[in-house]
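These notes are about the structure you will find just below.
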Amino acid sequence: MTFRRLILLAAAAFAAAPAMAEPARDPEIEALIGKMTLEEKAGQLNMVSFVPMHETKFDPITKGLKDGTVGSLFNVHGFETARELQKRALDSRLKIPLILALDVVHGYRVIFPTPLAQAASFDIEAIRRSEDIASREAAADGVNLLLTPMLDVSRDARWGRVVEGPGESSYLASRIAEARVKGVDGDGGHSFAKSCVKHFGANGAVEGGRDYTAQDISERGLRETYLPPFRAAADAGTQCMMSAFNAPDGAPTVINRRLLTDVLRGEWGFKGVVTSDFKAIHETVTHGVAEDDRSAAKLAFTAGADLDMESRAFVEHLPLLVRESEIEPAALDEAVRRVLTLKKSLGLFKDPMRGLTAAPQAALKPEHLAASQDLAEKSFVLLKNKDRALPFAPDVNDVALIGPLGDAPADTLGPWAGRGEPSETVTLRMGLEKRLGEGKVTFTPGGTAAASREEEIEAAVETARRADVVVLALGEKFDQSGEGASRAELGLPGDQMALASAVLALGKPTVVVVFAGRPLALTELAEKAPAVLYAWQPGTMGGAALAAVLMGDVSPSGRLPMTMPRALGQVPIHHDQRITGRPYDPTDPYTSGYRDQSPEPLYPFGHGLAYTDFAYGAPTIARPTLRRGEDQTVTVRVTNVGKRPGVAVPQLYVRPLSARVARPARELRGFARVELAPGETREVALKLKPEDFGYWTSGAGFEIAAGGVEVMTGPDAEDTKSARFEYRP
């Protein structure tokens, strides 16, 4: 499913869908529903967090499994645990197996780069492959529902959860959404586990970068920015959506019938399960929109939520709400039907143990490790490389590795690291030592990520003084990104900038490797350092991948999926900001800028260097005039003008030149990864449809206006050349 199909809806987008024949119902599921009590039906909609059953305080779960009032569990993992839980569920009266769910955000045993890092690869197939591997590993250990992918478009780097998402581009996010869902769900080739996409709505539209907050967003803003990735996931076949915590139009999404029923089910035809997030139904009371849990249960259920995660409002209140005629019995049956349909699609009715007859192999599969390293190598973004500081010479003999992230396995894995083990992780130190050989790497941490004493910095400087080249490993620890890890500042934590300044003052050939879950504001560091390589949090094989790139075995090919600010005051900042009536002009203070610095980013969306140089020609268009129903082909010539092979990533941006609402200066609508040998030229054809330059109006209708359309191609969002054509429907 392409982005253009996601945004194309008829003029009557909000009208009810035409009546369709009721699909035939599954006899096995209908027989089960017919046997259920109201309490058992509500139990199928009850998802609770699992704690080991030997803990006395969690005895209610054991009882709930037996009496059928717990239908799903999350935070579950482990072959033996999964078998035991399913056995206990099968001791219930109706013997209905369990959904066993877990957040598997960027790998299960073998950990891949964090999702934002993966987005930097611009390699859709590699991303799909990572989810396929995670799905296989998780299912072998008993997990059958993966609470992934997280598809929240996000423009505010202060928000810790940007690390889990696809970045700032709705188009790129939609491509990733399709790949991730197909990877988890098997793309028709397997059904090891299913995806549960999160967080439907506008969870990334936060205020002040803080978790669980929400900007007040128009329906047009929702439609054009935040909803397309979820539409892509729905069209790719996901059978589960998790609603957002926040309330972008005043109604928390879990009770927002407009989104959960009218849009998701009515317009998009989504037939799967909608689950709340953790305790989100109960939290509507705190929001002030529900009086108590009973009211919250009614609001969420009638809005379209099927599964109640951990609030226990459904299991406690839905039976009485039905008995008192506040909820229709048929509506309860339909929610149960959706949950049972998901269970059947997982193969649980046929084999509740899902083939769990033997414990999975303890050893990490070499092909999975290779895929992790490949994606890590593709995710690294070379921000700066003055005087070809990278790659290092093949005969380098003395490398000083300095910084608190140089030998930090948990921080290399990043947050939400599934069942990944720090002890199985290749750190930067380990990768360099293996690549260069014994005795060629000297590691001095120079303090911790939080603080450095004067003597620790002095020791680091002394190590650097004796070396041929220096690698500074700086950035965030794993728990400084992710949920609950919003930051009010975006510089290097602790005293790391002081450490960097002291080492860089020596004038040694130095590369800074930045480990982080978000774009940081690194203006001072970028000015001082000869080379800056953004490594994100690269996963199990991160150190091996970094060693390969630093030594030139692999050329970096990542591109920024989020704009990198030069100062905190610019945030939120993104490539598709709208043009104002007074665009920035450095010679005119009465334009859209700042008095104390440039409003331009430190590094734009799509930026990334290689170990060679590329020349981009101006775009050419196949049709000077485009008619309704026709495709446009935009072609750009890319030449490797350097002496090393490399991967170019030509990008296509569009902008309608006349519209009824103000449009962004540019919006990403295409890209490609192109491997080029030295001196090689390729013509890259990027397809465009009229829907790609259409837009939502203030009345929330979709429109493709006649007139001029500008297309821009180049290596990033700022460095582009343009052409134009006319659209005449």
Side-chain angles (χ1 to χ4, degrees), residues 120-123 126 373-396 399 432 435-436 468-471 508-514 526-527 529-536 545-561 564 601-620 634-653 670-686 712-722:
S121 75
F122 280 69
D123 191 323
Q373 180 169 338
D374 174 71
L375 189 47
E377 290 168 355
K378 292 172 176 175
S379 73
F380 301 147
V381 182
L382 183 59
L383 297 176
K384 179 182 179 182
N385 195 22
K386 184 179 179 182
D387 299 328
R388 302 291 186 189
L390 282 175
F392 292 145
D395 59 352
V396 63
V399 177
L432 283 172
R435 175 61 178 78
L436 294 173
D468 297 332
V469 297
V470 179
V471 178
K508 290 276 187 176
T510 303
V511 56
V512 179
V513 177
V514 180
E527 289 173 351
V532 180
L533 181 69
Y534 223 76
W536 312 98
L546 279 166
V549 169
L550 292 173
M551 294 306 301
D553 304 333
V554 176
S555 178
S557 60
R559 303 295 187 267
L560 287 176
M564 185 164 285
L602 179 61
Y603 297 109
F605 175 87
H607 172 75
L609 306 176
Y611 290 157
T612 188
D613 295 312
F614 302 104
Y616 288 76
T620 60
V634 181
T635 302
V636 56
R637 287 173 62 90
V638 186
T639 302
N640 182 344
V641 296
K643 298 179 180 180
R644 300 174 63 101
V647 176
V649 185
Q651 298 154 39
L652 170 64
Y653 300 87
F671 59 86
R673 284 178 56 92
V674 185
E675 295 185 13
L676 294 171
E680 183 181 4
T681 297
R682 290 268 300 274
E683 289 194 347
V684 182
L686 301 168
M712 296 153 275
T713 58
D716 60 51
E718 298 287 340
D719 183 7
T720 61
K721 298 174 182 177
S722 65

Quiz prompt | Closest non-hydrogen atom pair between Ala120 and Ser379, with its separation | solution = CB-O, 3.5 Å
Quiz item: In terms of heavy-atom contacts, does CZ of Arg637 have more than 12 from other residues, nucleotides or ligands at under 6.0 Å?
Solution: no
Quiz item: If every non-hydrogen atom of Pro650 is compared with every non-hydrogen atom of Val636, which pair is closest and at what distance?
Solution: CB-CG1, 4.1 Å
Quiz item: Does the Asn640 side chain pair with the main chain of Gly642, one donor and one acceptor, at a distance under 3.5 Å?
Solution: yes
Quiz item: Less than 4.5 Å apart, any side-chain heavy atom of Tyr616 and any of Val638?
Solution: yes
Quiz item: At their closest point, which heavy atom of Ala526 faces which heavy atom of Val532, and how far apart are they?
Solution: CA-CG2, 4.5 Å
Practice problem: Side-chain contact test, heavy atoms from C-beta onward, threshold under 4.5 Å: evaluate it for Pro391 versus Met551 and give yes or no. | Solution: no
Practice problem: Identify, with sequence neighbours excluded, every residue that meets side-chain hydrogen bond (donor to acceptor under 3.5 Å, both in side chains) alongside Thr635. | Solution: none
Self-check item: Evaluation steps, side-chain contact (heavy atoms from CB on, under 4.5 Å), between Tyr534 and Met564
Solution: CA-CA 11 Å; Tyr534 223 76; Met564 185 164 285; 3.6 Å; yes
Self-check item: Nearest-0.5 Å distance, NZ of residue Lys384 to CG of residue Leu602
Solution: 9.5 Å
Self-check item: Interatomic spacing from CG in Leu609 to OH in Tyr603 - rounded to 0.5 Å
Solution: 8.0 Å
Self-check item: Residues Leu382, Tyr611; criterion side-chain contact (heavy atoms from CB on, under 4.5 Å); working and verdict
Solution: CA-CA 9 Å; Leu382 183 59; Tyr611 290 157; 3.8 Å; yes
Quiz item: Passes side-chain contact (heavy atoms from CB on, under 4.5 Å), Leu383 versus His607? Steps please.
Solution: CA-CA 7 Å; Leu383 297 176; His607 172 75; 3.9 Å; yes
Quiz item: Do the side chain of Thr612 and the main chain of Arg644 share a donor and acceptor less than 3.5 angstrom apart?
Solution: yes
Quiz item: Do the side chain of Lys378 and the main chain of Ser121 share a donor and acceptor less than 3.5 angstrom apart?
Solution: no
Practice problem: Output, in order, the C-alpha distance, side-chain angles, deciding distance and verdict of side-chain contact (heavy atoms from CB on, under 4.5 Å) for Val549 and Leu390. | Solution: CA-CA 9 Å; Val549 169; Leu390 282 175; 6.0 Å; no
Self-check item: Inter-residue atom distance Tyr653.OH - Asp716.CG, 0.5 Å rounding
Solution: 6.5 Å
Self-check item: Heavy-atom pair with the smallest gap, counting every atom of Ala126 and Asp374
Solution: CB-OD2, 4.4 Å
Self-check item: Residue pair Ala376 / Ala545: nearest heavy atoms and the distance that separates them
Solution: CB-CB, 3.7 Å
Quiz item: Taking only residues two or more places apart in sequence, or in another chain, which ones meet Phe614 in a ring pair (Phe, Tyr, Trp, His ring centres under 6.0 Å)?
Solution: none
Exercise. Rounded to the nearest 0.5 Å, what's the gap from CZ on Phe392 to CG on Leu432? Could you check?
Key: 8.0 Å
Quiz item: Is there a donor-acceptor pair closer than 3.5 Å between any side-chain N or O of Arg388 and the backbone N or O of Lys386?
Solution: no
Exercise. Taking Gln651 for its side chain and Pro715 for its backbone only, find out whether a donor-acceptor pair lies under 3.5 Å.
Key: yes
Quiz item: Heavy atoms, side chains only, cut-off 4.5 Å: are Val511 and Val469 in contact?
Solution: no
Practice problem: Determine whether Lys721 and Pro619 make a side-chain contact, defined as any pair of heavy atoms from C-beta on separated by less than 4.5 Å. | Solution: yes
Quiz prompt | Asp553 side, atom CG; Arg435 side, atom CZ - distance, nearest 0.5 Å | solution = 4.0 Å
Quiz prompt | Shortest non-hydrogen contact from Leu560 toward Phe605 | solution = O-CD1, 3.5 Å
